[in-house]
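Below you'll find the structure, written out as structure tokens, and then a few comments.
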Number of protein chains: 2
Amino acid sequence: MSVLADKLSLLGPPVLVREQAFEQVRDAILAGTLAPGTRLIERELCLALGISRASVREMIRRLEAERLIRVEGRKSPVVSTLTRKQAAEIYEVRALFESLLIRRFTDIASDAEIAELRTIFEAVREAATKNSINEIVALMRRLNEHLVHVVDHELIEDLLGQLNARINWLRVKAMTQPGRLETSISELSAILEAIEQRDAERAALAMAQSSANARNAALEQLLMEGSGERQPKKMRSI
Amino acid sequence: MSVLADKLSLLGPPVLVREQAFEQVRDAILAGTLAPGTRLIERELCLALGISRASVREMIRRLEAERLIRVEGRKSPVVSTLTRKQAAEIYEVRALFESLLIRRFTDIASDAEIAELRTIFEAVREAATKNSINEIVALMRRLNEHLVHVVDHELIEDLLGQLNARINWLRVKAMTQPGRLETSISELSAILEAIEQRDAERAALAMAQSSANARNAALEQLLMEGSGERQPKKMRSI
DNA sequence: TGTTGCCTTCTTGTCTGACAATATGATAGC
DNA sequence: GCTATCATATTGTCAGACAAGAAGGCAACA
């Protein structure tokens, strides 16, 4: 029986309509397809996703709770915009978490787990030479997952996930700044080295440095983007 | 016009059914009226709150996103229980945030704002002599609000709020341990002193110490409670 | 031109009722 | 005591309805 259950569970948890819809819209927001400021109109979402208003509304509540959209009064939900201050705060808290993760990883990871980290890092470096942003983003995610998995901190995993979702768009944009990628990678390299030498303090410090730079790049990016359009936009597609 | 808007806004944001319901249920969870493990049955919530299933379900999505309830598969939502590990993680992250808050408060608060902090603290001490838990909890909240307001960190305010909601019940329980309150207050006193001397580092350290103690008390509490009942319970009332 | 007020239309907030699919709980059989 | 089976309870999803508030356009007016 358990074997059968296992096989069936490969299909994943039962696909709820609202879950799928949530993921679709979330991904569209993360990718920037649904740009910050876009109005999300229930009826249009129903059409676009082929689901009922009830399900759309449940999904909206969740997007709202995760701060991916903002809802006020009886107005249409709007894809969240980021003020400079908000972005800075997110990067600051993210830095706290990542420093903690790195420090703990350095303390407790097995040699094999550190080796795995380097493997992923080398893949990032490889992808960077090809300037394949999508690949890099995916690898960065794997890198984070590995860290979180080893450190085994559910809460930070959760919160970091939420924070990253909110700045995903910004991060990707910032990554395209000339020289940014190279800097980022050399920083990562320094972190990795410190980890391999089991120097948690240095690793955490290097991480903090890297975070600060990422924040600066992101804020710079916001300055360039942010001055423009601030009016609500119409939703186009998902 | 803005004056008028201000006056009218005293009426608060339009009272949405789902919002009120959310607050009612959340408060019931925070207070322990809805104990961890309790099944939340839609129809019963409808009856208890006098609202429709649609609204109940939207509220449930939000409670779920804030981790106050857990929903899996097609089963009834259940008021979240805390494992030891989860509680420890929450206290750990909370400590990070509060240290940061205290450090920054010490750096930037005006003398008047520090004085206000002491005023609140003295009120806490006063309430403590009367052993009036409710009053203490309310004052502690005010204390936190003051900190967050001065430091002006929206994100930490938000996250801290969520984390505190998840452990509220545990905190209150732990506070009743013999001697716990006194310890807690003398720790607070030390923090306040450091703040008044504008010694951010010492203040943050004292805060960290206080957090660690709070965590230990809470985990101890969990040991005592936690061993018992773990089966889902029926919902009683709100 | 720019503003004000009104009217139409769009959109959200909420309720009701329905139905299939799954979970739960009780009952009977071993 | 344990397991299989069935009736009931509960969730997931949809469709449709209606009131109340928001958005946008248009005309009158200063």
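Residue numbers begin at 1 in each chain, while the letters A, B, ... track the order of the sequences.
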Partners meeting ring pair (Phe, Tyr, Trp, His ring centres under 6.0 Å) with [X] (sequence neighbours left out):
X	answer
A:Phe22	none
A:Phe105	A:His146
B:His153	none

Worksheet, complete the sentence: Taking five pairs at each terminus, the helix from C:dT1-D:dA30 to C:dC30-D:dG1 shows an axis bend, to 10°, of 30°
Practice prompt. Assign A:Arg57 to base, sugar-phosphate, or nothing according to its heavy-atom contacts below 4.0 angstrom with the strands shown.
Written response: base
Worksheet item: Counting any heavy atom closer than 4.0 Å, what does B:Arg18 reach on the DNA or RNA strands: base, sugar-phosphate only, or nothing?
Response: sugar-phosphate
Worksheet item: Quick one, which residues of residues 59-71 of chain A touch DNA chain C with a heavy atom under 4.0 Å?
Response: A:Arg61
Discussion item. Test: side-chain hydrogen bond (donor to acceptor under 3.5 Å, both in side chains). Region: residues 94-104 of chain A. Which pairs qualify, not counting sequence neighbours?
Written reply: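 Sorted result for residues 94-104 of chain A: A:Arg94-A:Asn164, A:Arg103-A:Glu201, A:Arg104-B:Glu92.
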Worksheet item: Please, which pairs that meet salt bridge (Lys or Arg N to Asp or Glu O under 4.0 Å) have at least one residue in residues 22-37 of chain B, sequence neighbours excluded?
Response: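 Listed by first then second residue: nothing to list.
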Fill in: salt bridge (Lys or Arg N to Asp or Glu O under 4.0 Å) partners of residues 137-148 of chain A, not counting sequence neighbours, each pair once
A:Glu116-A:Arg142
Salt bridge (charged side-chain N to carboxylate O under 4.0 Å, His left out) partners for [X], two or more places apart:
X	answer
A:Arg215	none
B:Glu42	B:Arg53, B:Arg57
B:Arg67	A:Asp158

Restricting both atoms to N or O, compile the protein contacts to nucleotides 16-23 of chain D shorter than 3.5 Å, with distance only.
{"from": "D:dA17", "atom 1": "N6", "to": "A:Arg53", "atom 2": "NH1", "distance (Å)": "3.2"}

